[in-house]
Amino acid sequence: MQLTDSMIHWSPASRSPVVSSWVGQLIYGLHSTSFGDCLIAKTAIGICQLEFFDSLIATDAEQKLQATWPNAEIRYQPAATAAIAQQILHHEIADPELFRLHVHGTPFQQQVWRSLLQIPRGVTTTYQALAIAIGHPNAARAVGNAVGKNPIAYLIPCHRVVRQSGELGGYRWGQDRKQQLLNWETQIR
DNA sequence: ACCGATCCACAAA
DNA sequence: TTTGTGGATCGGT
């Protein structure tokens with residue numbers, strides 16, 4: 001299944017592009033998936049963060065969450081995020097209800113991330129094509145910037161954007177993982 | 001004022 | 001044909 005815009009709650013752009021003023025409970029879990037270990041965090045509204053991590057960084061998870069969501073009450077409740085991890089592990093999004101998102105970003109970032117959702121599985125696009133698509137034909141680099149700040153890996157498929165030249169391009173969680181994700185997605189199933 | 005998960009033109013090999 | 005480099009670009013910090 002494909003995530004649609006209606007499943008996403010776009011947090012109103014706050015003064016700061018990185019810090020959300022959202023107040024409430026935020027629960028998170030650390031899980032193992034076939035693409036590596038990941039942190040999944042959600043508010044009452046939806047998933048607000050999904051990041052892969054390497055063991056060294058894992059200890060910082062809570063600190064990083066608190067930095068982005070300073071007014072949230074953060075709790076470690078892996079049971080609450082396990083089902084999401086499980087469906088990623090099995091490469092299937094079976095239950096759309098689990099996958100509502102709660103996304104925070106500047107208007108430009110939201111615009112970029114929104115267009116990421118329209119890239120079908122198994123397909124790639126380029127930073128430039130994306131820039132053109134959102135009406136900023138010369139902003140390929142700025143788009144790369146925004147893509148790189150995507151807070152919800154995998155579900156907002158930033159790994160499907162590659163360089164115009166055909167090179168893979170960067171990935172916040174490692175080029176290898178980007179390649180793995182793409183390889184898997186292009187396989188028929 | 002500076003930094004990118006970029007892109008293009010153009011030169012040199 | 002391939003590889004390297006320098007400048008343009010623009011939103012975010």
Side-chain angles (χ1 to χ4, degrees), chain A residues 2-3 5 8-22 33-41 47-58 60-61 63-72 88 91 101-187:
Chain A
Q2 181 89 10
L3 282 184
D5 205 61
I8 302 184
H9 178 266
W10 299 97
S11 179
S14 66
R15 204 168 72 238
S16 161
V18 256
V19 175
S20 170
S21 56
W22 190 83
T33 75
S34 48
F35 298 114
D37 295 336
C38 76
L39 161 91
I40 300 176
I47 300 170
C48 61
Q49 213 144 341
L50 197 167
E51 308 211 20
F52 295 104
F53 66 88
D54 299 320
S55 49
L56 285 180
I57 305 171
D60 301 337
Q63 269 187 1
K64 287 173 68 177
L65 281 175
Q66 193 75 75
T68 310
W69 308 82
N71 302 314
I88 292 176
H91 302 300
L101 307 188
H102 181 182
V103 182
H104 172 263
T106 66
F108 183 77
Q109 287 168 340
Q110 293 186 10
Q111 198 178 9
V112 171
W113 299 339
R114 217 186 277 266
S115 55
L116 290 179
L117 292 172
Q118 296 176 19
I119 312 168
R121 189 167 104 174
V123 173
T124 59
T125 186
T126 68
Y127 294 97
Q128 182 170 228
L130 221 48
I132 293 169
I134 63 171
H136 294 76
N138 296 317
R141 195 149 187 188
V143 166
N145 241 324
V147 171
K149 301 233 167 67
N150 170 30
I152 307 186
Y154 181 84
L155 297 178
I156 298 183
C158 59
H159 56 279
R160 295 181 192 151
V161 190
V162 299
R163 289 217 195 181
Q164 180 78 22
S165 65
E167 291 167 284
L168 189 57
Y171 193 59
R172 192 162 137 207
W173 298 285
Q175 275 201 336
D176 292 349
R177 206 186 316 263
K178 185 174 186 174
Q179 189 66 66
Q180 278 177 35
L181 285 161
L182 290 175
N183 287 347
W184 180 77
E185 287 189 339
T186 50
Q187 286 168 17

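Numbered from 1 within each chain, the chains take letters A, B, ... in sequence-line order.
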Reckon [X] has a side-chain N or O less than 4.0 Å from the OP1 or OP2 of [N]?
X	N	result
A:T126	B:dT6	no
A:Q128	B:dC8	yes
A:N145	C:dG11	no
A:R141	C:dC10	no

Could you check how far [atom1] of [X] sits from [atom2] of [N], rounded to whole Å?
X	N	atom1	atom2	result
A:Q111	C:dG12	CD	P	10 Å
A:E167	C:dT2	CD	P	14 Å
A:Q110	C:dG12	CD	P	11 Å
A:N150	C:dG12	CG	C1'	16 Å
A:I132	B:dT6	CD1	C1'	12 Å
A:K149	C:dG11	NZ	P	13 Å
A:R172	B:dG4	CZ	P	15 Å
A:L130	B:dC7	CG	C1'	14 Å

Just compare [options] and give me whichever is closest to any side-chain atom of [X].
X	options	answer
A:H136	B:dA5, B:dC7, C:dG11	C:dG11
A:N138	B:dA5, C:dT9, C:dG12	C:dT9
A:A142	B:dT6, B:dA5, C:dG11	C:dG11
A:R163	C:dC10, B:dA5, B:dT6	B:dT6

(request) With a 3.5 angstrom cut-off on both distances, give the Watson-Crick or G-U wobble partner of C:dG4, or none if there isn't one. (result)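 Its partner is B:dC10.
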(message) Under 3.5 Å for both donor-acceptor distances, Watson-Crick or wobble: does B:dA5 have a partner, and if so which one?
(response)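 In the structure as shown, B:dA5 has no Watson-Crick or wobble partner.
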(request) Kindly give the heavy-atom pair with the smallest separation between A:A140 and A:Q128, and that separation in Å. (result)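 The answer is CB-CA, 4.0 Å.
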(request) Can you see which heavy atom on A:A153 is nearest to which on A:Y171, and at what distance? (result)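 Taking A:A153 first and A:Y171 second, the nearest heavy atoms are CB-OH, 4.2 Å.
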(request) Give a yes or no answer on whether the side chain of A:Q110 reaches the backbone of A:G105 with a donor-acceptor pair at less than 3.5 Å. (result)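 Looks like yes, one N/O pair under 3.5 Å.
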(request) Tell whether A:Y171 reaches the base of B:dA5 with its side chain through a donor-acceptor pair below 3.5 angstrom. (result)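 In this structure, the two groups form no donor-acceptor pair.
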(request) For A:Q111 and A:H136, test the side chains for any donor-to-acceptor distance below 3.5 angstrom and give the result as yes or no. (result)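 No donor-acceptor contact under 3.5 Å links the two side chains.
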(message) At 4.0 Å (heavy atoms only), tell me whether A:F108 reaches a base, stays on the sugar-phosphate, or touches nothing.
(response)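 The residue A:F108 makes sugar-phosphate contact but no base contact.
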(request) Dump the intermediate steps for side-chain contact (heavy atoms from CB on, under 4.5 Å) on A:L182 and A:R160, then the final yes or no. (result) CA-CA 7 Å; A:L182 290 175; A:R160 295 181 192 151; 4.2 Å; yes
